[in-house]
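Bear in mind that the values here come from a model prediction, so they are computed numbers and not experimental data. Residue numbers begin at 1 in each chain, while the letters A, B, ... track the order of the sequences.
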Amino acid sequence: MANSSIKIGLSSACYCLLGTSVSAETKPWYVDLGAMNYIEQDRNTGIELMLNGRRELQDGDAISLQLDFDVITGATPNGATASNVPQTFTMASGIGSYQVDANELPADDTHMDTRMAFSFLYESMLKNDFKINYTSHMSMEFDYLSLGGGLEFLQDFYQHTTTLLGGINFEYNRVHPVGGVPIDLASMAPPGVLQPRKSTSATRRQSGFHIGINQIIDKNSLMQIKYAWANASGYLTDPYKILSVIDDENITQLGRTLDYVYESRPGQREIQNIFFAYKRNLQGDVLDFSYRYYWDEWDINSNTLDMKYQYKLNDQYYLQPHFRFYDQSAASFYEHSLKNSESFDYASADFRLAAFKAYTLGIRYGKSLANGREHSIGLEYYTQRGESHPDSAIGLQKEQDLFPSLNTLIITWNYSYYW
Amino acid sequence: MYKKILMLVAVMLFVSLSSCASVEPWQRGNLSKKEMQFNSNKVSSAMDTHFYYSKEGSSGGSGFSGGGCGCN
């Protein structure tokens, strides 16, 4: 009884949004539930819960709603390098501090973040072979807000064998960090001392377009090629990340940490990528392959290769091994630390902007149930490997690991059904 | 950069022109299965995208937009 009330309420709300009558033909919602728990060795732990519901309407139209909640807690690298002596860092609020032992990766273990996101998709079938997708999303964290939307056009040719697609999207983000937005490359003030700030919040925008083609190759395989372009502008810096300033002049103390400064990134980033995907049915098994080449204005180039093979054990059960390889070059302004005698316009020690390779290896076990229901669980291992002892390290730094490996265990669960 | 875009356009044209043997609607039984759709598991894909967005310096491709998170 309660279930049907919720269904009627949800349907009414959707139909009101779309301006159609509640008495329209009702089809069940296809509900997809997911949970992910990832555990990084000596760093963060995250839990993400997601719900996606899709319902087909009249004339081929459909709506999709998605809810996402995630929480992350643990120790996040703050950008500083490990040192041969214990280090003390001021918390973002400027009030307290946290200590890091000698030879340990500096990480803020007071970090905790929660996020809630909502997205909406409406698929409008205007003709038998022409469709428009309308999308919008909203995402909220206690220090971050993101709003966005987009349009995508899909035109079918040759009895739906070929689909050309193209779309535009826009995103507005507002960051209001704890303590305010730090001044670029300003020294980190000791606890209790006023940290100069440039503002309480900042904005960043991103807009872009994509074009592509979906192609049926034969009765068992299909492929997709997409090109996407985007431009991000505004405050693209991470307000919580810092860099160590290292002594490179005093010959007796080369590599000693002298200071910590807030990072600074350019306020512009043009992004492009080419994406290729291929799927093949092999007597019931499914091969899923994709490759992406990415390049941007910050000189990050990356290659991503992803491969899954769904192996049918029988009519009900399947096993799906997964392998992903990722390789990226460093951003032009990435520095593991700053030398005291040099000056910089932009600098960041965020590991995500460093050169590294990443590997994912995993397996998923799934079961098809009656009435279109499906249940699966997955276990994956993700690792990042970078240059731990670069040639640019000097003096005491040579004893430290300047790119500690990231090792993560990922557990996922999915359940889908008609409601 | 323009070479890469030209290369992409050339590949797209090649694919369209060589457009594969005609596959009649009644021959598409395997293709119509859920597991043969691109992005067949939206929730799983969305969670993966968010995970990798928060760990790596590049993103996009299969998805539509940016990450929509601070991801510090």
Could you tell me if the ring centre of A/Y326 sits under 6.0 Å from that of A/F356?
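Judged by ring-centre distance (under 6.0 Å), A/Y326 and A/F356 do meet the cut-off.
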Ring centroid separation B/F51 to A/Y382 under 6.0 Å:
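Between A/Y382 and B/F51, which both carry aromatic rings, the centre distance is below 6.0 Å.
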Less than 4.5 Å to any heavy atom of chain B: does that hold for the side chain of [X], its backbone, both, or neither?
X	answer
A/V175	neither
A/D70	side chain
A/L145	neither
A/A277	both
A/I300	side chain
A/L147	neither
A/S221	backbone
A/Y30	side chain
A/E48	both
A/N281	both
A/Q310	side chain
A/T408	side chain
A/A35	backbone
A/Y318	neither

So, A/D218 and A/R280, do they make that salt bridge, N to O below 4.0 Å?
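Salt bridge present between A/D218 and A/R280.
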A/D288 and A/K279 ion-paired at < 4.0 Å
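A/K279 and A/D288: salt-bridged.
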Chain B: which of A/R364, A/H160, A/E40, A/R324 shares the most heavy-atom pairs with it under 4.5 Å?
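Option with the greatest count: A/R324.
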Using a cut-off of under 4.5 Å on heavy-atom pairs, state which of A/L222, A/N44, A/T360, A/V286 scores highest against chain B.
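Option with the greatest count: A/L222.
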Quick check on B/E24: does its CD atom have over 12 non-hydrogen neighbours (other residues, nucleotides or ligands) under 6.0 Å away?
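Above 12, so yes.
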Counting only heavy atoms not in A/K219, do more than 12 sit closer than 6.0 Å to its NZ atom?
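No, because the 6.0 Å sphere around NZ of A/K219 holds 12 heavy atoms or fewer from other groups.
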To the nearest 0.5 Å, how far apart are CZ in A/F351 and CG in A/L406?
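Reported value, rounded in 0.5 Å steps: 9.5 Å.
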Say you draw a straight line from CZ of B/R28 to CG of A/N220; how long is it, rounded to the nearest 0.5 Å?
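Nearest 0.5 Å value for the CZ-CG distance: 13.0 Å.
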Quick one about A/E171 and A/N173 (side-chain donor to acceptor, distance below 3.5 Å, no hydrogens or angles considered), yes or no?
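Yes - a donor-acceptor pair under 3.5 Å links their side chains.
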Just wondering, do A/E380 and A/T412 contact through their side chains at under 4.5 Å, heavy atoms?
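A side-chain contact under 4.5 Å is absent here.
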